[in-house]
Amino acid sequence: MIRHYKILLLSPLFYYTRTESGVASTSPFIGDIALTYATNFALGWNKRITYQPKLEPDYNEIKELGFLWTVGRPIKIKRTQIYSRYTSPISDGMVRKDLIELMGKSLFKNYFHVQGIEAGSVFQASLIGNLNIPHQFTLRIGNGKECLILLEKLDKPDKDIWVNYYTIKKIFNKDLKFKEGLTIERILAQYIIVKGLNEKDLEKIFNSTI
């Protein structure tokens, strides 16, 4: 089963993927892996995956869930202003003389600039699998799950579908046949985005249960 959803950001989204002119910025997409983990967390579907502490991610575990999101592709987005994040060890507590002296000897700045995606921005993603969820619901994503998103079911996608080649090939070992009109953008090692697909393409990739 494949269902399509509009995603509305109810608060700004931050999850830094690149550096532009000294600013850690958020690429205009929502990761399929992030949406899948967030859905599992909200439903309490597999508590072992949700609460198991890890030294490094093990994305193969999402095969146990029985569902998967596509990449949240942007429909209408606006970037936030550029913020300065302060990383001083005394920024959230009392002033300590020893820490101030150590900071004065540091070779590095104790702040950095960040930019995210503004609230009100709209994305689109598709859900694959027989998961019983309502037509409208919310999830939390982003760094520390600080961004609240509203998902609303669509009758059909507004634009082309984006998928993550890493997820399809590396995690699920599915084949994706490239055709004319598809484009690829490598964001991170675990996010290699393929653009230009439609619902029939998804059905061919996931022709059996995930």
Side-chain angles (χ1 to χ4, degrees), residues 5 7 9 11-42 49-50 52-65 67-80 82-83 85 87 108 112-119 121-128 139-149 151 159-178 181-197 201-202 205-206 210:
Y5 285 84
I7 301 174
L9 300 192
S11 56
L13 172 63
F14 294 91
Y15 65 82
Y16 321 115
T17 54
R18 59 186 178 186
T19 302
E20 301 171 305
S21 301
V23 178
S25 64
T26 301
S27 296
F29 78 96
I30 300 175
D32 59 322
I33 298 173
L35 284 171
T36 300
Y37 274 115
T39 303
N40 177 65
F41 183 88
I49 291 177
T50 300
Q52 182 183 28
K54 306 179 186 71
L55 295 177
E56 60 183 31
D58 176 18
Y59 298 128
N60 283 313
E61 65 192 8
I62 67 177
K63 289 189 293 187
E64 302 175 23
L65 299 177
F67 68 90
L68 176 68
W69 285 94
T70 63
V71 172
R73 62 100 75 228
I75 301 296
K76 182 183 68 174
I77 67 164
K78 179 182 178 182
R79 294 187 181 274
T80 68
I82 296 174
Y83 297 98
R85 285 194 57 183
T87 60
F108 305 99
F112 63 101
H113 300 294
V114 298
Q115 186 175 38
I117 306 296
E118 188 62 87
S121 295
V122 178
F123 295 78
Q124 164 197 293
S126 301
L127 178 65
I128 305 153
L139 294 174
R140 286 197 173 274
I141 59 173
N143 288 356
K145 293 184 171 60
E146 86 291 345
C147 175
L148 184 65
I149 62 175
L151 297 96
K159 294 190 177 182
D160 63 304
I161 297 171
W162 292 8
V163 297
N164 185 356
Y165 187 74
Y166 175 90
T167 304
I168 290 171
K169 192 66 179 177
K170 181 72 174 177
I171 300 178
F172 285 91
N173 196 29
K174 299 285 187 178
D175 290 325
L176 193 164
K177 293 184 179 180
F178 288 89
L182 296 186
T183 58
I184 301 176
E185 182 180 3
R186 183 186 178 96
I187 306 294
L188 298 169
Q190 69 274 28
Y191 281 111
I192 305 169
I193 299 178
V194 182
K195 308 175 183 180
L197 287 84
D201 295 323
L202 281 188
I205 297 170
F206 299 98
I210 61 173

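No side-chain heavy atom of T80 sits less than 4.5 Å from a side-chain heavy atom of V114. Side-chain contact between S27 and Y15: present, with at least one pair of heavy atoms (C-beta onward) separated by less than 4.5 Å. Inter-residue side-chain proximity for I193 and T183 is flagged as unmet; no heavy-atom pair is nearer than 4.5 Å. When side chains are defined from C-beta on, N60 does not count as touching I62, because their heavy atoms never get closer than 4.5 Å. Counting only heavy atoms from C-beta outward, the side chains of R79 and P28 approach each other to under 4.5 Å. Residues L202 and I161 meet the side-chain proximity criterion, which asks for heavy atoms closer than 4.5 Å. A 4.5 Å side-chain heavy-atom check between I75 and K159 finds at least one atom pair inside the cut-off. A heavy-atom distance below 4.5 Å is found between the side chains of Y166 and I171.
Atoms CD1 and CG, on I30 and L13 in that order, are 6.0 Å from each other to the nearest 0.5 Å. Interatomic distance, T70 OG1 to L197 CG, rounded to the nearest 0.5 Å: 9.5 Å. One distance of note links CG of L139 with CG of L148; it measures 8.5 Å at 0.5 Å rounding. Going from atom SG of C147 over to atom CD1 of I141 covers 5.0 Å, rounded to the nearest 0.5 Å.
With sequence neighbours excluded, no residue forms a salt bridge (charged side-chain N to carboxylate O under 4.0 Å, His left out) with K145. Taking the ring pair (Phe, Tyr, Trp, His ring centres under 6.0 Å) definition, one finds that Y83 meets it with nothing, sequence neighbours left out. Residues that satisfy the side chain to side chain donor-acceptor pair (under 3.5 Å) test with K78, not counting sequence neighbours, are absent from this structure. With sequence neighbours excluded, the residues that form a ring pair (Phe, Tyr, Trp, His ring centres under 6.0 Å) with Y191 are F29. By the side chain to side chain donor-acceptor pair (under 3.5 Å) test, S126 pairs with H4, sequence neighbours left out. W162 is linked by a ring pair (Phe, Tyr, Trp, His ring centres under 6.0 Å) to nothing, counting only residues two or more places apart in sequence or in another chain.
A donor-acceptor distance shorter than 3.5 angstrom exists from the side chain of N164 to the backbone of I192, with no hydrogens or angles considered. No donor-acceptor distance shorter than 3.5 angstrom exists from the side chain of T26 to the backbone of F14, with no hydrogens or angles considered. Between the side chain of Q115 and the backbone N or O of A24, no donor-acceptor pair lies under 3.5 Å.
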Checklist entry - Going through the distances and angles, do L182 and L176 end up as a side-chain contact (heavy atoms from CB on, under 4.5 Å)? => result CA-CA 11 Å; L182 296 186; L176 193 164; 4.2 Å; yes
Next on the checklist: Using the rule given for side-chain contact (heavy atoms from CB on, under 4.5 Å), can you reason through L127 versus F67, listing the C-alpha separation, both sets of side-chain angles and the distance that settles it, and then say yes or no?
Outcome noted: CA-CA 7 Å; L127 178 65; F67 68 90; 3.9 Å; yes
Next on the checklist: Between V122 and I77, is the side-chain contact (heavy atoms from CB on, under 4.5 Å) condition met? List the steps.
Outcome noted: CA-CA 6 Å; V122 178; I77 67 164; over 6 Å; no
Item to check | Test side-chain contact (heavy atoms from CB on, under 4.5 Å) applied to I33 and L68, step by step | outcome: CA-CA 8 Å; I33 298 173; L68 176 68; over 6 Å; no
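The pair D201-K177 does not count as a salt bridge, with every side-chain nitrogen at least 4.0 angstrom from each carboxylate oxygen. We find that K195 and D160 are not joined by a salt bridge, their nearest charged nitrogen and carboxylate oxygen being 4.0 Å or further apart.
Here the shortest heavy-atom pairing between R140 and A38 reads O-CB, 3.6 Å. Scanning all heavy atoms of the two residues, the minimum distance from A125 to G72 falls at CB-CA, 3.9 Å.
In this model, a donor atom of one side chain and an acceptor atom of the other lie less than 3.5 Å apart for T167 and D32.
Shown are F123, Y5, Y37; of these, the ring pair (Phe, Tyr, Trp, His ring centres under 6.0 Å) with W69 is made only by Y5.
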